[in-house]
Number of protein chains: 2
Amino acid sequence: MSNLADIIENYILGKLTGEQRQFMILRRNELAEELNCAPSQISYVLSTRFTANRGFVVESRRGAGGFVRILRIPGQQLIYLKAANTVTEDPRPENIEVVISNLENHQMLSGRESELMRQFFRLTEGHWSLAERARILRKLILRLSDF
Amino acid sequence: MSNLADIIENYILGKLTGEQRQFMILRRNELAEELNCAPSQISYVLSTRFTANRGFVVESRRGAGGFVRILRIPGQQLIYLKAANTVTEDPRPENIEVVISNLENHQMLSGRESELMRQFFRLTEGHWSLAERARILRKLILRLSDF
DNA sequence: AAGTCAAAGGTCAGGAAAGGTCAAAGCTTA
DNA sequence: TAAGCTTTGACCTTTCCTGACCTTTGACTT
């Protein structure tokens with residue numbers, strides 16, 4: 001029960017919870033060297049353990065001065081993120097309805113807001129590819145989490 | 001009454017109750033090797049004996065560094081399981097009475113239920129082998145834990 | 001300003017190491 | 001013998017980890 005992935009996860013979690021931080025920044029290569037592993041292993045852990053569904057957002061920049069920033073998201077925003085993640089690749093009306101009414105149930109959307117979204121997708125049915133509709137719905141939701 | 005499945009069950013139960021732990025972690029392949037059986041047999045025992053209804057939760061992870069974690073859920077079902085395990089191989093009336101009244105004391109059997117069981121064994125005395133009576137009593141008790 | 005370079009981080013396929021499943025054969029017992 | 005547990009083995013899925021190769025970014029050159 002202590003493979004590399006766990007060690008890396010604990011290292012990061014330790015920095016986050018131990019120091020009561022809402023975020024942390026690290027250099028991928030540095031950490032890899034410190035923990036004696038391949039840099040890609042850090043990426044692996046980030047993508048499997050620090051997912052949006054688990055309440056994290058990972059941002060990064062490449063090139064000189066590159067970095068990886070890991071943020072933990074507070075509860076409410078998490079609900080939006082989870083909702084965005086339940087949007088399927090080919091969102092049929094039922095899926096859209098599930099997502100919207102779920103948000104409404106969590107009181108993350110007012111009645112008027114949710115009705116607005118419903119109408120929006122009803123009225124634009126067949127206008128874009130399903131993948132495009134998915135992208136739009138996700139973005140709409142994530143946008144909401146900023147207000 | 002000591003086939004592989006029982007041995008495995010007792011091994012795990014021993015670790016749990018003997019060391020007063022609320023959980024234990026094991027490697028499926030390791031344990032299989034130690035007990036000289038097929039790994040899938042461990043899975044079999046876990047899925048048949050360490051069920052939620054009997055007060056356990058089993059979690060696992062595959063792949064490198066995989067493991068199996070067995071947790072006992074504090075509470076009621078466990079009492080049934082313990083009772084079933086105190087049934088001796090040759091259950092004389094005294095043993096049966098001890099088991100039943102113990103369950104009654106723990107309020108796991110109503111007065112009517114325990115009387116039902118008492119009568120049942122009284123009325124069938126000498127009908128089967130003692131081993132068979134033991135098997136029946138255990139099953140009765142475990143069945144109760146499912147409700 | 002444009003081009004070049006070195007220094008990040010990202011991706012992905014593939015091998016290895018677990019554990020999971022399931023059908024079928026083997027036992028036990030009524 | 002029928003019913004119901006046990007066991008096993010063949011095959012599947014998941015998770016981990018690395019290395020080769022790709023892309024992005026900032027700094028330096030010209």
Side-chain angles (χ1 to χ4, degrees), chain A residues 1-12 24-51 53-54 56-71, chain B residues 1-12 24-51 54 56-71 84 87 89-91 120 124 126-140 142-143 146:
Chain A
M1 172 52 169
S2 79
N3 45 29
L4 249 181
D6 289 327
I7 291 172
I8 296 169
E9 182 184 16
N10 284 333
Y11 178 93
I12 295 173
M24 76 167 288
I25 290 177
L26 59 83
R27 306 310 223 56
R28 191 180 77 149
N29 287 349
E30 252 176 35
L31 183 53
E33 179 127 16
E34 189 178 337
L35 300 184
N36 215 21
C37 68
S40 55
Q41 183 62 9
I42 307 291
S43 301
Y44 170 72
V45 171
L46 290 175
S47 66
T48 55
R49 312 278 177 97
F50 292 86
T51 63
N53 270 329
R54 295 189 186 187
F56 297 94
V57 166
V58 177
E59 300 166 320
S60 64
R61 203 159 73 204
R62 309 184 182 191
F67 62 87
V68 175
R69 180 166 44 214
I70 302 158
L71 298 86
Chain B
M1 178 54 172
S2 79
N3 46 27
L4 248 181
D6 290 327
I7 291 171
I8 296 170
E9 180 184 15
N10 284 332
Y11 177 94
I12 295 173
M24 74 169 288
I25 290 176
L26 58 86
R27 305 313 222 56
R28 191 179 76 149
N29 287 350
E30 253 176 34
L31 183 53
E33 178 127 16
E34 189 178 335
L35 300 184
N36 216 20
C37 68
S40 55
Q41 182 62 7
I42 308 290
S43 300
Y44 170 72
V45 171
L46 289 175
S47 66
T48 55
R49 314 278 176 98
F50 293 85
T51 63
R54 294 188 186 185
F56 296 94
V57 168
V58 176
E59 301 166 317
S60 65
R61 203 158 75 201
R62 307 186 182 191
F67 61 87
V68 175
R69 181 166 42 216
I70 302 159
L71 297 86
V87 177
E89 267 324 290
D90 52 345
F120 178 78
T124 58
H127 280 216
W128 316 292
S129 71
L130 289 180
E132 185 56 17
R133 287 168 74 76
R135 215 172 61 86
I136 292 171
L137 179 51
R138 286 196 201 97
K139 285 207 164 190
L140 271 185
L142 291 180
R143 189 75 188 119
D146 287 340

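Keep in mind that this is a model prediction, so the values were computed, not measured. Lettering follows sequence order; numbering is per chain, from 1.
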Legend entry - Side chain of A:Cys37 (C-beta onward), nearest among D:dT18, C:dG9, D:dT7: D:dT18
Inset, instruction - Taking the side chain as every heavy atom from C-beta outward, state whether A:Leu31 and A:Val68 have any pair of such atoms under 4.5 Å apart. - result: no
Inset, instruction - Inspect the surroundings of CD in B:Glu59 and state if more than 12 heavy atoms from other residues, nucleotides or ligands are less than 6.0 Å away. - result: yes
Inset, instruction - Go through D:dT18, D:dT6, C:dG9 for me and flag the one nearest to the B:Gln41 side chain. - result: D:dT6
Pull out every protein N or O sitting under 3.5 Å from an N or O of nucleotides 1-4 of chain C, one pair per line with the distance.
none

Legend entry - B:Ser43 side-chain N/O to C:dG20 phosphate OP1/OP2 under 4.0 Å: yes
Inset, instruction - Measure distances between side-chain N and O atoms of A:Arg28 and base N and O atoms of C:dG10, and say whether any donor-acceptor pair falls under 3.5 Å. - result: yes
Inset, instruction - Consider the side chain of A:Ala38, meaning its heavy atoms from C-beta on, and name the nucleotide among C:dG9, D:dT18, D:dC16 that approaches it most closely. - result: D:dT18
Legend entry - Close side-chain approach of B:Glu34 to B:Leu26, heavy-atom, < 4.5 Å: no
Legend entry - From D:dT15, D:dT8, D:dT6, nucleotide with atom closest to B:Tyr44 side chain: D:dT6
Inset, instruction - Select base, sugar-phosphate, or nothing to describe what A:Ser60 touches, counting heavy atoms under 4.0 Å on all strands. - result: sugar-phosphate
Legend entry - DNA chain D: 5'-proximal contact among B:Ser40 and A:Asn36 (nearest heavy atom): B:Ser40
Inset, instruction - Could you tell me the separation between the CD1 atom of B:Ile70 and the CD1 atom of B:Ile12, rounded to the nearest 0.5 Å? - result: 4.0 Å
Inset, instruction - Identify which nucleotide among D:dT7, C:dT21, C:dG9 has an atom closest to any side-chain atom of A:Asn29, counting heavy atoms from C-beta outward. - result: C:dG9
Inset, instruction - Mind listing the residues from residues 61-69 of chain A sitting with a heavy atom below 4.0 Å of DNA chain D? Number order is fine. - result: A:Arg61, A:Arg62, A:Gly63, A:Ala64
